[in-house]
Amino acid sequence: MNTPSQISFLDGTFSLIHIPLCLYPLFLQPILQVLLPQGDCDPDNLDEAIEGLSIDNKHGFLNISITPVECSVVCHSNWAEKVFEPIIKRLPKDSSKTVMISKDTYLILSVESAAMDAGSRVMELTSPLAMAGIPIFFITTYYSDFILVPTKDRQTVQQALLSRGFEFSDESTFVSPSAHSRGPSVSSQPPSTPPPSNIAELQTRTFELLKKRDVVPYIEDGLSLVLVSGKEHSKTTQMTDYRRPAPSRQPTGNGYNSRRSWLDNVDTKLYTSLISVLVLQPRFLSMTLAQEDPPSLLLDKQHLGVFGDSVVGDMSGDLVPIFLDLENLTLEATGIVSGVAGKLVSEMHMVDTGVSEQLSYLSTARAGAVILSYDQSMKALEIMKPLLIKD
């Protein structure tokens, strides 16, 4: 019997931040400030300082991605407002215009679907949302998948999942029946605008849009990635709900001691290695922290040695990203992830050959990356170029 997929809304609202690579050095300090949980807070400002963190100073969700296209950050809206906005306001006017914090906030769906391979998960989870006209961002990590959806579209998201056969297990979690079919998502009622009637039409329209906006897929020479995880850390202090409880103001011998230091709960070697790589402004690094999972890293293979034994996974991986620069598209563009990934899975017969197990996808603020093995990425590029390059 197949294990049911489970989709849960994480607590909180999140912002998507675009930072041009030329300004990355100016934002390194705020990036590190957000990355390193605040263990010692001013008691007078405790409510603001720790919003978005658990009682043991863990992020509910955080993604920091540096790619050849941009630096992109997904963080709790509180961090965007308190940490990044002040830096942007201090920039010269011409520079500040090039940095973007999403006007709308996002909810994050955490996906657990161990019974499905990676490529099938991308199609299964994004197609009903695409057919409902919901713009999404998709992030594959070592353990889980995460989908960003606009906060204002929560009800539409719920309706789309229910129409796909998912069922409520509680007010924020959906579960698919164990016998759930993974056929094309044509049963979802398509929206009036845009009006694709089936998945094939959705894929066609996606590539037409990308071609119209001059999006050309490309591969960075010599860039090979590995997907690894920080070692499993003790869960004795892990909280199932990362919302902050009312702080205790009971004084101790050291003044205030209502919260554990974040150093008590993380692998300091992993964080030291991560900071070392971030300071170098790597060609590629995508780091994801989530409350229920150890840290996940998708990184340039040449930096793997810095982490030593602080990470686990397939160290011999040869994953190659195909980049799509989406600067000419708005954040509201729909169907990109589903259309691109679905087309490749179909054209390359990935499900039949088992190749879809290797497919993953990373959305950043202004780009997308389809990630496959080296050989499969070459084949995928051959399929995509004729569909996107203008005559």
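- Residues Ser144 and Asp293 bring a donor and an acceptor atom of their side chains to less than 3.5 Å of each other.
- Here the shortest heavy-atom pairing between His59 and Val34 reads NE2-O, 2.6 Å.
- In the hydrophobic cluster analysis, where Ile, Leu, Val, Met, Phe, Trp and Tyr join through side-chain heavy atoms closer than 4.5 angstrom, Val69 is grouped apart from Val216.
- Of the residues listed (Phe146, Trp79, Phe137), the one engaging Phe61 in a ring-ring contact (aromatic ring centres under 6.0 Å, His included) is Phe146, and it is the only one.
- At least one donor-acceptor pair closer than 3.5 Å links the side chain of Arg213 to the backbone N or O of Asn328.
- Two residues are said to be in side-chain contact when any heavy atoms from C-beta on lie closer than 4.5 Å; Leu107 and Val157 fail this criterion.
- In this structure, Ser102 and Leu331 have side chains that are in contact, with non-hydrogen atoms separated by less than 4.5 Å.
- Of all heavy-atom pairs between Leu26 and Leu91, the closest is CD1-CD2, 3.7 Å.
- Formation of a donor-acceptor pair under 3.5 Å by the Ser276 side chain with backbone atoms of Thr272 is not found in this model.
- The shortest heavy-atom contact between Glu347 and Ile383 is CB-CD1, 3.8 Å.
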| message | Evaluate Asp318 against Ser224 for side chain to side chain donor-acceptor pair (under 3.5 Å), listing each step before the verdict. | response | CA-CA 5 Å; Asp318 65 340; Ser224 180; over 6 Å; no
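- Here the straight-line distance linking atom CZ of Arg366 with atom NE2 of His18 works out to 4.0 Å at 0.5 Å rounding.
- Heavy-atom minimum distance, Ala130 versus Ser338: CB-CB, 4.0 Å.
- More than 12 non-hydrogen atoms from other residues, nucleotides or ligands lie less than 6.0 angstrom from NZ of Lys301.
- Within a 6.0 Å sphere centred on OH of Tyr143, heavy atoms belonging to other residues, nucleotides or ligands number more than 12.
- Within the 4.5 Å cutoff, the side chain of Leu344 has heavy atoms near those of the Val370 side chain.
- Nearest heavy-atom pair across His303 and Pro282 is NE2-CB, 3.7 Å.
- A side-chain N or O of Ser316 and one of Asp314 form a donor-acceptor pair less than 3.5 Å apart.
- The closest donor-acceptor contact from the side chain of Glu220 to the backbone of Pro68 lies at 3.5 Å or more, if one exists at all.
- For the pair Leu278/Leu32, a side-chain contact is recorded, criterion being any heavy-atom separation below 4.5 Å from C-beta on.
- To the nearest 0.5 Å, atoms CG (Leu148) and CD1 (Ile134) are separated by 13.0 Å.
- In this structure, CG in Asn63 is found 4.0 Å from CD1 in Ile139, a value given to the nearest 0.5 Å.
- Here Leu223 contributes atom CG and Leu319 contributes atom CG; the two are 10.0 Å apart, rounded to the nearest 0.5 Å.
- Of the possible donor and acceptor atoms, none in the side chain of Lys269 sits under 3.5 Å from a partner among the backbone N and O of Gly308.
- Look at Arg205 and Glu201 and you find a salt bridge, because one of the NZ, NE, NH1 or NH2 atoms lies within 4.0 Å of a carboxylate O, short of that distance.
- Between atom CZ of residue Phe9 and atom CD1 of residue Ile7 there is a gap of 9.0 Å, rounded to the nearest 0.5 Å.
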| query | Stepwise, does the side chain to side chain contact (heavy atoms under 4.5 Å, CB included) test hold for Tyr106 with Val149? | reply | CA-CA 5 Å; Tyr106 290 85; Val149 298; 5.7 Å; no
| message | Using side chain to side chain contact (heavy atoms under 4.5 Å, CB included), reason through Thr364 and Leu326 one step at a time and then give a plain yes or no. | response | CA-CA 9 Å; Thr364 58; Leu326 306 178; over 6 Å; no
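- For the pair Ser346 (side chain) and Lys343 (backbone), a donor-acceptor distance under 3.5 Å is absent.
- Between Met287 and Leu298, the closest side-chain pair of non-hydrogen atoms is not below 4.5 Å.
- With contacts defined as side-chain heavy-atom distances shorter than 4.5 Å, the pair Leu388/Pro217 qualifies.
- A 4.5 Å side-chain heavy-atom check between Val226 and Met315 finds every atom pair outside the cut-off.
- The cluster map of Ile, Leu, Val, Met, Phe, Trp and Tyr, joined by side-chain heavy atoms under 4.5 Å apart, puts Tyr271 and Leu280 in different clusters.
- The line from CG of Leu387 to CD of Gln203 is 10.5 Å long, rounded to the nearest 0.5 Å.
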| said: Determine whether Phe27 and Ile17 satisfy the following criterion, side chain to side chain contact (heavy atoms under 4.5 Å, CB included), listing intermediate values before the conclusion. | reply: CA-CA 11 Å; Phe27 283 86; Ile17 304 171; over 6 Å; no
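- Between the side chains of Thr173 and Gln6, not a single donor N or O lies within less than 3.5 Å of an accepting N or O.
- Both Leu28 and Leu21 are part of a single hydrophobic cluster, where members link through side-chain heavy atoms under 4.5 Å apart.
- By the 4.5 Å heavy-atom criterion applied to side chains, Leu285 and Leu297 are counted as neighbours.
- Following chains of ILVMFWY side-chain contacts shorter than 4.5 Å, one can reach Val279 starting from Val306, so the two form part of one hydrophobic cluster.
- In the hydrophobic cluster analysis, where Ile, Leu, Val, Met, Phe, Trp and Tyr join through side-chain heavy atoms closer than 4.5 angstrom, Met384 is grouped apart from Ile389.
- Annotation for Lys385: atom NZ does not count as buried by contact number, only 12 or fewer foreign heavy atoms lying within 6.0 Å.
- Ring planes of Phe284 and Phe323: tilted class, angle from 30 to 60°.
- Scanning all heavy atoms of the two residues, the minimum distance from Ala160 to Leu129 falls at CB-CD2, 4.1 Å.
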| field | Test log, rule side chain to side chain contact (heavy atoms under 4.5 Å, CB included), inputs Ile87 and Arg90 | value | CA-CA 5 Å; Ile87 302 295; Arg90 291 199 294 267; 2.8 Å; yes
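- Distance alone, capped at 3.5 Å, is enough to place a donor-acceptor pair between the Thr151 side chain and the Thr105 backbone.
- Between Asp214 and Lys390 there is a salt bridge, with a side-chain nitrogen of the basic residue lying less than 4.0 Å from a carboxylate oxygen of the acidic one.
- Results of the side chain to side chain donor-acceptor pair (under 3.5 Å) test with Ser286 over Ser296, Ser72, Ser65 single out Ser65 as the only residue that passes.
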